[in-house]
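Here is the structure we will look at.
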Protein chains: 2
Amino acid sequence: MHDQSDTKNLSVGAWTKRCYFAGRALMDERLRPFDLGSTQWYVLWYLVNNGPSVQRDLGRALELERATLSGIIATLVRKDLVAQTADGDDQRQRLLTLTATGEALWRRLPDLSFIHDAAFGGISEADLATTIRVLKSATERLQTLLRKD
Amino acid sequence: MHDQSDTKNLSVGAWTKRCYFAGRALMDERLRPFDLGSTQWYVLWYLVNNGPSVQRDLGRALELERATLSGIIATLVRKDLVAQTADGDDQRQRLLTLTATGEALWRRLPDLSFIHDAAFGGISEADLATTIRVLKSATERLQTLLRKD
DNA sequence: ACTCATTCGTTTGCTACCTAACGATAATTG
DNA sequence: CAATTATCGTTAGGTAGCAAACGAATGAGT
């Protein structure tokens, strides 16, 4: 742990990174006893809230690259938390379904929504709105600079 | 790409994640032609600015886990960009030095400081200060919740 | 009906991050 | 001075992210 003076001159970008990693670390810590990664949790969360979903739709909703998602789904299938079947309509697509094991695990998982409250609770709506505006603007500018195909 | 309505209700945490990944993606894109990862660049940046450094000091300064840094240094040594020697005083420690090849590469690398300006340039000092305050506060609260040894 | 373009998911290869454990070395304690 | 604790860096094993390429299936255009 470094003292305050080490972080005094960190940029917005640096704080964005630190904040993201702090939230992720806490999530990973709480999920570790359940042998679940934070993105694995995110996928289960989506299936619990949206029901069986086409893999591509889920990937778009959670903003996960196809290669990334493919690996995560493989892990969840191996853990028998998710079932992956062919979609009848379009043989290119896969349908993802929460298994009974997955549902049982979900019921045992701690509620992680406290993390966001713990991080940002009590901060004024105005300050939160400003932060969102700044991060949103920055994200969009950066994505504009990325050469998208 | 999803339309605006998909991002309307994203939380601060979600925007923090998106912003971080957008910056990282841009950095990785610009560095790819030089066969350099963004954290590898960060290590070179530190050595250029601070001179030869003890590995642990560098790790602390850049907030990298020992295992993470060990792997990154191994990659930079394999690429002959960094030399890793024993520190005379303390045989547990390693001294990291930029090689001539590393210095030559650094001179050829594009200046990436534009990324921060591109992301946050033109935003009022007050808004930036608010964003930093919010992210800093959130980070510290999350780190407090993490069980640190 | 055929050709070409696009989409979907996987695989390969890589970077980055992290926990836990280990061995070697140094610091601390009694 | 010996025993214990702490530190440093590596290794093992895992999660997560991404680019690029591939094959199979579907859609678009003629």
Side-chain angles (χ1 to χ4, degrees), chain A residues 17-18 20-43 53-60 62-79 81 84-96 146-149, chain B residues 17-18 20-43 53-60 62-79 82 84-96 146-149:
Chain A
K17 176 181 180 182
R18 291 181 101 233
Y20 165 66
F21 274 106
R24 181 171 192 133
L26 183 53
M27 223 178 155
D28 283 340
E29 184 196 65
R30 297 302 169 93
L31 290 172
R32 186 163 298 121
F34 303 89
D35 188 33
L36 205 65
S38 54
T39 308
Q40 294 169 29
W41 175 93
Y42 201 19
V43 171
S53 306
V54 166
Q55 186 160 322
R56 195 64 187 111
D57 291 342
L58 186 152
R60 285 202 172 92
L62 304 188
E63 296 189 78
L64 294 168
E65 291 283 340
R66 301 196 310 273
T68 302
L69 184 54
S70 187
I72 289 167
I73 296 303
T75 300
L76 290 172
V77 167
R78 175 170 54 78
K79 290 176 174 177
L81 301 176
Q84 186 190 38
T85 55
D87 184 11
D89 288 344
D90 189 329
Q91 289 178 34
R92 293 174 297 182
Q93 295 182 328
R94 294 282 190 273
L95 190 69
L96 303 177
L146 274 165
R147 300 193 195 92
K148 296 289 199 181
D149 287 354
Chain B
K17 175 181 179 180
R18 291 178 104 236
Y20 166 67
F21 275 106
R24 179 169 193 131
L26 185 52
M27 223 178 157
D28 282 342
E29 184 196 65
R30 297 301 167 95
L31 291 172
R32 186 163 298 122
F34 303 89
D35 188 32
L36 204 66
S38 53
T39 308
Q40 292 169 31
W41 175 93
Y42 201 18
V43 170
S53 304
V54 166
Q55 186 161 323
R56 193 66 186 111
D57 292 341
L58 183 152
R60 284 203 171 92
L62 304 189
E63 297 189 79
L64 295 168
E65 290 285 342
R66 301 196 310 271
T68 302
L69 183 54
S70 187
I72 290 167
I73 296 301
T75 299
L76 291 172
V77 166
R78 175 170 55 77
K79 291 175 174 177
V82 163
Q84 185 188 40
T85 54
D87 185 9
D89 289 341
D90 189 327
Q91 288 180 30
R92 294 173 297 179
Q93 294 184 326
R94 294 281 190 276
L95 190 70
L96 303 177
L146 272 165
R147 301 191 197 96
K148 294 288 199 182
D149 285 358

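Side chains are part of it too, since the values below use all heavy atoms of this structure and drop only hydrogens, waters and symmetry mates. Quick caveat, the model's predicted, so the values are computed rather than measured. Order of the sequence lines fixes the chain letters, A, B, ..., with proteins taken first and strands second; residue numbering starts at 1 for each chain.
Protein atom CD of B/Glu65 is 18 Å distant from nucleotide atom P of D/dT15, rounded to whole Å. Protein atom CD of B/Glu29 is 9 Å distant from nucleotide atom P of D/dA20, rounded to whole Å. In this entry the distance linking CD of A/Gln91 with P of D/dA25 reads 6 Å, nearest Å. Taking atom CD1 of A/Ile72 as the reference point, atom C1' of D/dC18 lies 12 Å away to the nearest angstrom. In this structure, A/Leu146 atom CG and D/dC18 atom C1' are separated by 12 Å, rounded to whole Å. The CZ-P distance, from B/Arg32 to D/dG17, rounds to 16 Å in whole Å. Computed from coordinates, the A/Leu64 CG to D/dC18 C1' distance equals 12 Å when rounded to whole Å.
Applying the side chain to side chain donor-acceptor pair (under 3.5 Å) criterion to A/Gln91, with sequence neighbours excluded, gives no partner residue. For A/Phe21, the side-chain contact (heavy atoms from CB on, under 4.5 Å) partners two or more places apart in sequence, or in a different chain, are A/Lys17, B/Tyr20. By the side chain to side chain donor-acceptor pair (under 3.5 Å) test, A/Gln55 pairs with A/Gln84, sequence neighbours left out. Qualifying side-chain contact (heavy atoms from CB on, under 4.5 Å) partners for A/Asp57, counting only residues two or more places apart in sequence or in other chains: A/Val54. For the salt bridge (charged side-chain N to carboxylate O under 4.0 Å, His left out) test, residues two or more places apart in sequence or in another chain that qualify with B/Arg92 are B/Asp90. Residues meeting the salt bridge (charged side-chain N to carboxylate O under 4.0 Å, His left out) test with A/Arg24, sequence neighbours left out: A/Asp28. Legend: residues meeting ring pair (Phe, Tyr, Trp, His ring centres under 6.0 Å) with B/Tyr42, ordered by chain and number and at least two apart, are B/Trp45.
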Pairs under 3.5 angstrom only: tabulate donor-acceptor contacts from the side chains of residues 67-75 of chain B to other protein residues two or more places apart or in another chain.
from, atom 1, to, atom 2, distance (Å)
B/Thr75, OG1, B/Gly71, O, 3.2

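Relative to the axis of its first five pairs, the axis of the last five pairs of the helix from C/dA1-D/dT30 to C/dG30-D/dC1 sits at 30°, rounded to 10 degrees.
Screening residues 33-43 of chain A for salt bridge (Lys or Arg N to Asp or Glu O under 4.0 Å), with sequence neighbours left out, gives A/Asp35-A/Lys79.
Atom CZ of A/Arg66 is separated from atom CZ of A/Arg60 by 9.0 Å, given to the nearest 0.5 angstrom.
Nearest heavy-atom pair, A/Leu76 versus A/Val43, reported as atom, atom and distance to 0.1 Å: CD1-CG1, 3.7 Å.
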| task | Report, as a single string ordered 5' to 3', how protein heavy atoms within less than 4.0 Å touch nucleotides 2-13 of chain D: B base, S sugar-phosphate only, - not at all. | result | ----BBSBBB--
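Bracketed by its first and final contacts, the part of DNA chain C lying under 4.0 Å from non-hydrogen atoms of chain B reaches from C/dT15 to C/dA26 in 5' to 3' order.
Checking A/Asp35 against A/Asp89, the closest nucleotide of DNA chain D that is more toward the 5' end is the one next to A/Asp35.
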